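For reference, the structure is listed below as structure tokens.
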Number of protein chains: 2
Amino acid sequence: MSKYRSAPTLDDVAKAAGVSTATVSRCLNTPQQVVEATRERVLSAVDSLGYTPNFAARVMAAKRSFTIGAIIPTMENAIFARGLQAFQEEIRKQGFTLLVSSSAYQPEAEEDQIRTLVARGADGLLLIGHDREARIYDYLDRQKVPTLVAWSYLPDKPIPSVGFDNRKAMKALANQVIGLGHTRLATISGISKGNDRARLRIQGIRDAMTEHGLPQDGLTVSETSYEIENGAEVFENLMLRDPPPTAVLCGNDVLAVGAVRQAQQMGLRVPEDVSITGFDDIELARIVSPALTTVHVPHREMGRKAAQELIHMIETSSEGHSIELSTNVVTRDSLLESNR
Amino acid sequence: MSKYRSAPTLDDVAKAAGVSTATVSRCLNTPQQVVEATRERVLSAVDSLGYTPNFAARVMAAKRSFTIGAIIPTMENAIFARGLQAFQEEIRKQGFTLLVSSSAYQPEAEEDQIRTLVARGADGLLLIGHDREARIYDYLDRQKVPTLVAWSYLPDKPIPSVGFDNRKAMKALANQVIGLGHTRLATISGISKGNDRARLRIQGIRDAMTEHGLPQDGLTVSETSYEIENGAEVFENLMLRDPPPTAVLCGNDVLAVGAVRQAQQMGLRVPEDVSITGFDDIELARIVSPALTTVHVPHREMGRKAAQELIHMIETSSEGHSIELSTNVVTRDSLLESNR
DNA sequence: AGCAAATATGTAAGCGCTTGCATTTATGAT
DNA sequence: ATCATAAATGCAAGCGCTTACATATTTGCT
């Protein structure tokens, strides 16, 4: 029976309540504009019919969706989870809904998803990092969709960013490593192409080396994708070199965990035989043993501030401005002074 | 300048290409219906104008969105990440887009998000577990949105499910624990209200106890929310009891990791002093030391099959049928025979 | 060359909602 | 009571697209 009855529309409600569709619409959107008696009648009709507004129609008519889209590189690990959760909580508080897509670190998939989200009427977009084709920025500009970047802070870019200075953050950590006497360094980085964060973190290590007068060839750089297994695999190759590095700085905690596990597999003690550091300070960093010395990122604060800034851009059609958050090195057990 | 030009519409493209809007629409949706010469002209117009179809309008006209919505309890930990990623990969392969929301384990938030997704024209919905208000099922029925449940397998429920038998799975693990001589058991469960998986897992432990002739009061049940800290906190209370349990079966790996860490904090050796088990077999389970004995869930298979089944339901407007996946206990280091 | 059948394109009617403007009804000061 | 003013409601024009159905063009036969 219910099979042949289709979802009620505004019109059905209007008929049932004996008013015009305009009045029903007002009851739902600007209730103070309709007198109490009418409103009650309408709402009870809404109720008894089980009416829910059709979103597509509403977006089309109102040209506003109260939806914000976010595209993150991955959902598979926790790197973006905490920040995104905070982002969602904040926008929800302000009456917006979040739509999330994951690009699996594939630029084409990301472009696709940006278009999908925009076509869907997203009022604003949250993107991770600045690296992407100019074409996409043109598109965003033409469509006039307020867009904000997070997990990076590069105030000179055309799109405002709420995040931290990846280069400076990694430099601080590298300084600490070098300060402990390490001179043969290696880094296991994410793929730096199309990933400003990965690239800048490597740069940060170089900065610290230069500052301490270490030659640049004291650093071995390996790039791989962000999974535990990859961290392990690359670490193994690294340690087979002669001489092996005494400290391995990983592009994130996930890679670092892979490295730690591989070290154990190889019978190497961390940190006595080799120091390993992470980046991000996700939960994993405290769970692995030895616990990781890593760079703490204020994920929740970043998520919250990004939400506020983006909504502000949407509401005021203003340009938006970048916000820098600070990171700090958290010292745990995976980093020790060099013994060679 | 671009500020005053707004996004091009189908009509603009039609004018530019010198054809009707119908033809443009066909070029985009059923290109084989339009002759090559025309098609080229149209596509180049699309291109030079940078046209992107307006999704809301398209959904409204076509009554089809090629979008599938998924609502998961949390993005904060990895429990649903892997399965969801597989789900997304599969539906993407079939031309659908995934929209994800997280309910933060709050039923009202979930209801809200279901309505949002439906109103947005989702062609189908993926939900986790069966427990929710009847009103929601009525709504889904009335809106005729194909819906599938995952992470649970309860074929008698009105909504089909693709998942595993939580009760049976936990029973298998509990059998193993009891087989090792443990009689004083405790479980750290998620909040079971509104969570059939949590409830059934507890039930599974009871089943095993009954089968082995253990009295039901040999089990202490504590419920808390799914976070590492909570696992730790509850575990502490549990071990303060006199006598303490010799084995603690946790509702998931996250809680188990919290328990392991707390044990170490308290100077207890795992598994010599107390055994701890998890559930789900997420990455964490292998990273913590001792590695967790836990129940392995075929996350990726579940995600993929759920996607296939749901799309099948959508394409054929059929009822859909439930699929049971099997789990297995993976034996690692956190469970040992009882020494009392 | 001529005609029926097949193929390509155009016309226009919605899809369900919001909102500017016009109209009706209530309010309150005289 | 009366009338200007304010408050509540209705009317109807879109929003940008898809898709029957109608019309025009091409194709393949004889």
Side-chain angles (χ1 to χ4, degrees), chain A residues 5-43 45-46 49-67 115-116 118-121 123 142-144, chain B residues 5-43 45-46 49-67 115-116 118-121 123 142-144:
Chain A
R5 181 181 71 227
S6 91
T9 69
L10 238 213
D11 212 59
D12 298 330
V13 176
K15 284 206 182 66
V19 298
S20 72
T21 61
T23 298
V24 179
S25 175
R26 289 188 192 104
C27 274
L28 266 25
N29 300 307
T30 49
Q32 70 283 4
Q33 273 187 36
V34 18
V35 82
E36 172 142 4
T38 322
R39 200 190 322 150
E40 268 173 14
R41 201 148 33 96
V42 170
L43 292 182
V46 162
L49 291 177
Y51 167 78
T52 325
N54 176 307
F55 187 76
R58 178 181 283 206
V59 169
M60 193 154 76
K63 302 175 156 289
R64 192 72 198 276
S65 72
F66 288 97
T67 293
R115 288 182 189 274
T116 301
V118 170
R120 255 186 183 74
D123 291 335
R142 192 159 40 213
Q143 300 277 337
K144 296 197 243 319
Chain B
R5 181 180 72 227
S6 91
T9 70
L10 238 212
D11 212 59
D12 297 330
V13 177
K15 286 207 181 64
V19 298
S20 73
T21 61
T23 299
V24 179
S25 176
R26 289 189 192 101
C27 276
L28 267 23
N29 301 306
T30 50
Q32 70 283 3
Q33 274 187 35
V34 17
V35 83
E36 172 141 5
T38 321
R39 200 189 323 149
E40 268 172 14
R41 198 149 34 95
V42 170
L43 292 183
V46 163
L49 290 177
Y51 168 78
T52 325
N54 176 308
F55 187 77
R58 176 180 278 196
V59 169
M60 192 154 77
K63 301 174 155 291
R64 193 71 198 278
S65 71
F66 288 97
T67 293
R115 289 182 188 274
T116 302
V118 170
R120 256 188 180 74
D123 291 337
R142 192 159 41 214
Q143 301 277 338
K144 296 196 243 321

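If you're wondering where the values come from, they're calculated on a predicted model, not measured in any experiment.
- What separates NZ of Lys15(A) from C1' of dG10(D) is a distance of 14 Å, to the nearest Å.
- Residue Met60(A) holds its CE atom at 7.0 Å from CG of Asn54(B), rounded to the nearest 0.5 Å.
- Under 4.0 angstrom from either OP1 or OP2 of dT19(C) there lies no side-chain N or O belonging to Lys63(A).
- The side chain of Tyr51(B) sits closest to dC17(D) out of dC17(D), dT9(D), dT9(C).
- The interatomic distance linking Arg64(A) (CZ) with dG16(C) (P) rounds to 24 Å, in whole Å.
- You'll find that the side chain of Pro53(A) is closest to dC17(C), out of dC17(C), dC17(D), dT9(C).
- Atom CG of Leu28(A) is separated from atom C1' of dC17(C) by 11 Å (rounded to the nearest Å).
- Rounding to whole angstrom units, CD of residue Gln33(B) and P of dT25(D) are separated by 19 Å.
- Comparing Asn54(B) and Arg39(A) against DNA chain D, the residue whose closest nucleotide sits nearer the 5' end is Arg39(A).
- Out of dG10(D), dT18(D), dT9(D), the shortest distance to the side chain of Thr21(B) is found at dT18(D).
- Counting only heavy atoms from C-beta on, Ala61(B) has its side chain closest to dC17(D) among dC17(C), dT19(C), dC17(D).
- As judged by a 4.0 angstrom heavy-atom cut-off over every strand, Val19(B) is placed among residues touching the sugar-phosphate backbone only.
- A sub-4.0 Å separation between OP1 or OP2 of dT9(D) and a side-chain N or O of Ser20(A) is absent.
- In this model, the phosphate group of dC15(D) is not approached by any side-chain N or O of Thr9(B) to a distance below 4.0 Å at OP1 or OP2.
- For the atom pair Arg39(A) CZ and Thr23(A) OG1, the distance stands at 12.0 Å (nearest 0.5 Å).
- As rounded to whole Å, 15 Å separates atom P of dC17(D) from atom CZ of Arg26(B).
- Here the CZ atom belonging to Arg58(B) is positioned 7.5 Å from the OG atom belonging to Ser25(B), to the nearest 0.5 angstrom.
- Between Arg58(A) and Gly18(B), the residue whose closest nucleotide on DNA chain C is further toward the 5' end is Gly18(B).
- Rounded to the nearest 0.5 angstrom, Leu28(B) CG and Arg26(B) CZ are separated by 12.5 Å.
- A straight line from CG of Leu10(B) to C1' of dT19(D) spans 13 Å, rounded to a whole angstrom.
- Considering only the side chain of Met60(B), dG16(D) comes nearest among dC17(C), dT18(D), dG16(D).
- The OH atom of Tyr51(B) sits 3.5 Å away from atom CG of Leu10(B), with the distance rounded to the nearest 0.5 Å.
- Here the side chain of Val35(A) is nearest to one of dT9(C), dG16(C), dT9(D), namely dT9(D).
- The side chain of Ser25(A) approaches dT19(C) more closely than any other nucleotide in the set dT9(C), dT19(C), dG16(C).
- The nearest whole Å value for the distance from the CZ atom in Phe55(B) to the C1' atom in dC15(C) is 14 Å.
- In this structure, of dT18(C), dC15(D), dA8(C), it is dT18(C) that holds the atom nearest to the side chain of Asn29(A).
- Per the geometry, CG belonging to Asp12(B) stands 13 Å off C1' belonging to dC15(D), to the nearest Å.
- Residues Ala57(B) and Ala22(B) both approach DNA chain D. Their nearest nucleotides, taken by heavy-atom distance, put Ala57(B) toward the 5′ side.
- Separating the CG atom in Asp12(B) from the OG1 atom in Thr21(B) is a distance of 11.5 Å, to the nearest 0.5 Å.
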